[in-house]
Amino acid sequence: MKPINVGIIGTGFSASSHIEALRRLPFVNIVAIASSSQEKAEEAARRFGIPKAYGDYRALIDDPDVEAVHNCTRNVLHFPINKAALEAGKHLLSEKPLAMDSEQSAELKRLAAQSESLSAVCFNYRHYPLVVEAKERLAREAKRVHFVYGGYVQDWLLYDTDYNWRLDPAQNGPSRAIADIGSHWCDTVQYVLGKKIVEVFADLRTVHPVRYKPKQEGSTFTSGRSQDAEPVEIDTEDGGSVLVHFDDGTHGAFTISQVSAGRKNRLYFEIAADEMTLAWDQEHPNRLWVGRRNGPNEEIVRDPALLSPQAAAYAHYPGGHEEGWPDGLKNLFRDFYGAIIRKQRGEALGELPFATIADGHHTMRIVDAILESHRTKQWVRVAE
Ligand SMILES: NC(=O)C1=CN([C@@H]2O[C@H](COP(=O)(O)OP(=O)(O)OC[C@H]3O[C@@H](n4cnc5c(N)ncnc54)[C@H](OP(=O)(O)O)[C@@H]3O)[C@@H](O)[C@H]2O)C=CC1
Ligand SMILES: O=C1CO[C@H](CO)[C@@H](O)[C@@H]1O
């Protein structure tokens with residue numbers, strides 16, 4: 001079978017991790033990369049060993065060799081690139097958030113629904129084996145969920161000297177921590193529960209109303225105040241807490257922060273159901289804690305022999321041989337390209353395990369509702 005030809009747009013943190021994960025799959029072939037200039041694209045093409053380099057993303061999308069596009073650019077480019085890729089009939093894998101706001105994501109949802117090609121949003125935490133195990137156990141063993149709680153906390157924007165394009169609403173959009181990492185929590189938990197968030201009550205906070213922006217912008221995760229840094233006003237949130245209601249009436253709450261010292265990338269959730277509580281934490285991704293009242297608590301480890309078949313399909317090594325973030329990404333891409341291949345063979349696709357453009361749009365609506373709730377200090381329904 002001929003591999004599916006992929007073009008990558010962007011050369012930063014996310015693009016590098018997409019390239020590494022894709023190279024672990026035998027049925028895809030990276031043929032082109034695009035950046036903001038021809039020079040940068042050629043440098044990246046050399047660094048990653050990719051044959052074609054484009055200084056303009058439109059040229060990559062127009063290249064007839066490119067069958068699937070990965071949009072790994074900053075948020076301001078998500079909408080124009082996703083729209084162009086969908087209109088060109090390419091398969092699309094977009095980084096999250098799907099767009100800057102839900103007006104844009106509604107347009108993308110409409111285009112994706114009309115397209116023959118497949119599209120997905122890079123909500124990669126769905127694709128960890130122990131997250132899938134939580135979903136399977138819940139469906140199998142729980143009749144009722146009482147509460148869902150957790151959060152997503154990081155420290156890479158802790159100091160007022162930490163600066164990145166995400167701090168600039170013109171590059172990022174009107175929500176920062178909620179759209180950047182809150183969106184991951186919402187997608188992951190909705191996937192595990194099989195329920196949608198329909199109502200929110202939010203209390204957000206900007207811890208640093210002024211930050212120091214270096215003249216020479218650093219990439220994601222660079223920190224420290226440079227000599228020529230200038231003060232800039234910040235009006236997007238560093239974090240906050242959100243109460244949520246799911247479509248079946250289940251209650252939940254999550255806390256988001258990008259200023260929590262020592263928490264590097266802690267997405268965690270706990271689901272309290274009738275006979276058990278399930279807890280998972282991205283910083284210890286190969287453990288699923290199962291709490292019981294009338295029996296010993298258990299810790300399920302990521303060993304294919306101990307997992308349900310759906311979760312075992314995501315566990316590529318025996319227990320004790322740890323895997324994590326890059327593997328979740330590889331699993332997402334394997335599901336996405338596997339679906340493209342099944343579609344090409346005329347096979348039925350069934351329920352897709354990855355976040356679709358419609359899912360990405362729903363997440364944008366949640367972000368809108370959170371911002372509005374924070375502003376009005378009221379419960380806000382998530383728009384359809
Ligand atoms: N799913 C996940 O877990 C993660 C998702 N992300 C998402 O990925 C996206 C990118 O984040 P990240 O990689 O950290 O950011 P970076 O700043 O590291 O990378 C952004 C990239 O955008 C490229 N870019 C800017 N302008 C253009 C243009 N006109 N044409 C083509 N490329 C352009 C930049 O290329 P150049 O240098 O040439 O300007 C750069 O390579 C974000 O939307 C973020 O939310 C990020 C991390 C993890
Ligand atoms: O999606 C994301 C997950 O975490 C990153 C850092 O690791 C982010 O902030 C990002 O955009």
Side-chain angles (χ1 to χ4, degrees), residues 7-21 32-45 47-48 53-61 69-82 84-85 93-100 120-128 152-157 162-168 170-173 175-188 216-223 236 238-239 256-260 263-267 282-283 324-329 332-333 354-355 360 363 367:
I8 306 282
I9 307 182
T11 59
F13 171 68
S14 144
S16 311
S17 39
H18 282 226
I19 291 167
E20 285 198 13
I33 188 160
S35 187
S36 56
S37 72
Q38 188 62 31
E39 197 189 345
K40 279 188 175 178
E42 280 171 18
E43 186 283 319
R47 185 156 41 97
F48 292 116
Y54 291 109
D56 185 333
Y57 70 79
R58 292 172 202 86
L60 179 142
I61 292 172
V69 171
H70 283 232
N71 184 356
C72 303
T73 59
R74 43 180 75 181
N75 300 0
V76 66
L77 286 169
H78 288 188
F79 177 69
I81 291 177
N82 291 345
L93 208 145
S94 170
E95 261 307 346
K96 39 56 58 182
L98 175 56
M100 295 264 274
V121 183
C122 196
F123 283 124
N124 39 323
Y125 296 109
R126 289 183 182 208
H127 301 265
Y128 283 52
Y152 194 163
V153 288
Q154 304 178 323
D155 71 359
W156 69 288
L157 294 174
D162 296 326
Y163 195 86
N164 179 260
W165 57 260
R166 289 171 179 79
L167 278 304
D168 175 2
Q171 297 293 316
N172 173 84
S175 164
R176 194 206 336 142
I178 293 292
D180 193 31
I181 55 176
S183 61
H184 274 302
W185 192 89
C186 293
D187 182 78
T188 308
Q216 184 72 31
E217 203 186 310
S219 57
T220 307
F221 302 128
T222 48
S223 70
T236 54
D238 287 306
I256 298 301
S257 164
Q258 293 185 310
V259 291
S260 294
R263 293 303 185 193
K264 303 301 173 194
N265 202 35
R266 184 171 188 236
L267 186 166
Q282 197 288 142
E283 289 187 349
W325 200 88
D327 310 278
L329 209 56
L332 161 55
F333 299 165
F354 48 81
T363 310
V367 173

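First listed ligand is number 1; within each ligand, the first listed atom is number 1. Every value quoted in this text rests on a predicted model; they were computed, and no experiment measured them. In this chain, numbering begins with 1 at the start of the sequence shown.
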Closest to [atom] (judged by heavy-atom distance), picking from [options]:
| atom | options | value |
| --- | --- | --- |
| atom 26 (N) of ligand 1 | Thr73, Leu77, Ile181 | Leu77 |
| atom 8 (C) of ligand 2 | Asp180, Leu157, Asn75 | Asp180 |
| atom 11 (O) of ligand 1 | Arg58, Arg166, His184 | Arg166 |
| atom 38 (O) of ligand 1 | Ser35, Ser37, Gly10, Ala44 | Ser35 |

- Message: Closer than 3.5 angstrom, by distance alone: can the side chain of Glu95 be matched with the main-chain N or O of Arg74 as a donor-acceptor pair?
- Response: no
Residue set satisfying ring-ring contact (aromatic ring centres under 6.0 Å, His included) with Phe333, at least two apart, ordered chain then number -> His18, His70
Exercise. Looking only at heavy atoms of Phe123, does any of them come nearer than 4.0 Å to an atom of ligand 1?
Worked result: no
List ligand 1 atoms under 4.0 Å from [X], heavy atoms only on the residue side.
| X | result |
| --- | --- |
| His78 | 43 (O) |
| Asp180 | 45 (O) |
| Asn124 | 1 (N), 2 (C), 3 (O) |

Ignoring hydrogens, what is the shortest heavy-atom contact between [X] and [Y]? Give both atom names and the distance.
| X | Y | answer |
| --- | --- | --- |
| Gly360 | Val121 | CA-CG2, 4.0 Å |
| Leu77 | Asn71 | O-ND2, 3.6 Å |
| Ala120 | Phe354 | CB-CD1, 3.5 Å |
| Ala170 | Met100 | O-CE, 3.4 Å |
| Ala21 | Pro326 | CB-O, 4.2 Å |

Tell me the contacting part of [X] for ligand 1: side chain, backbone, both, or neither, using a 4.0 Å heavy-atom threshold, strictly below.
| X | result |
| --- | --- |
| Ile9 | side chain |
| Thr11 | both |
| Ser17 | neither |
| Trp325 | side chain |
| Trp165 | side chain |

Close-contact set for ligand 2 against [X] heavy atoms, below 4.0 Å:
| X | answer |
| --- | --- |
| Lys96 | 1 (O), 2 (C), 10 (C), 11 (O) |
| Gln154 | 4 (O), 5 (C), 6 (C), 7 (O), 8 (C), 9 (O) |
| Trp156 | 9 (O) |
| Arg166 | 9 (O), 10 (C), 11 (O) |
| Asn265 | 4 (O), 7 (O) |
| Tyr152 | 3 (C), 4 (O) |

The reported gap from CD1 in Ile19 to CD1 in Ile8 (rounded to nearest 0.5 angstrom) is 5.0 Å
Taking the ring centre of each residue, are Tyr128 and Tyr125 less than 6.0 Å apart? yes
Is it the case that Gln258 and Asp162 place a side-chain donor and acceptor less than 3.5 Å from each other? no
Residues passing the side-chain hydrogen bond (donor to acceptor under 3.5 Å, both in side chains) test with Gln38, sequence neighbours excluded, are Glu42
Quiz item: What do you reckon, does Gly12 have a nitrogen or oxygen under 3.5 Å from a nitrogen or oxygen of ligand 1?
Solution: yes
* To do: Please confirm whether Cys122 comes within less than 3.5 Å of ligand 1 when only nitrogen or oxygen atoms on both sides are compared.
  => yes
Got more than 12 heavy atoms from elsewhere within 6.0 Å of CD, Glu283? yes
- When the ring planes of Trp325 and Phe13 are compared, do they come out parallel, tilted or perpendicular, using 30° and 60° as the limits? tilted
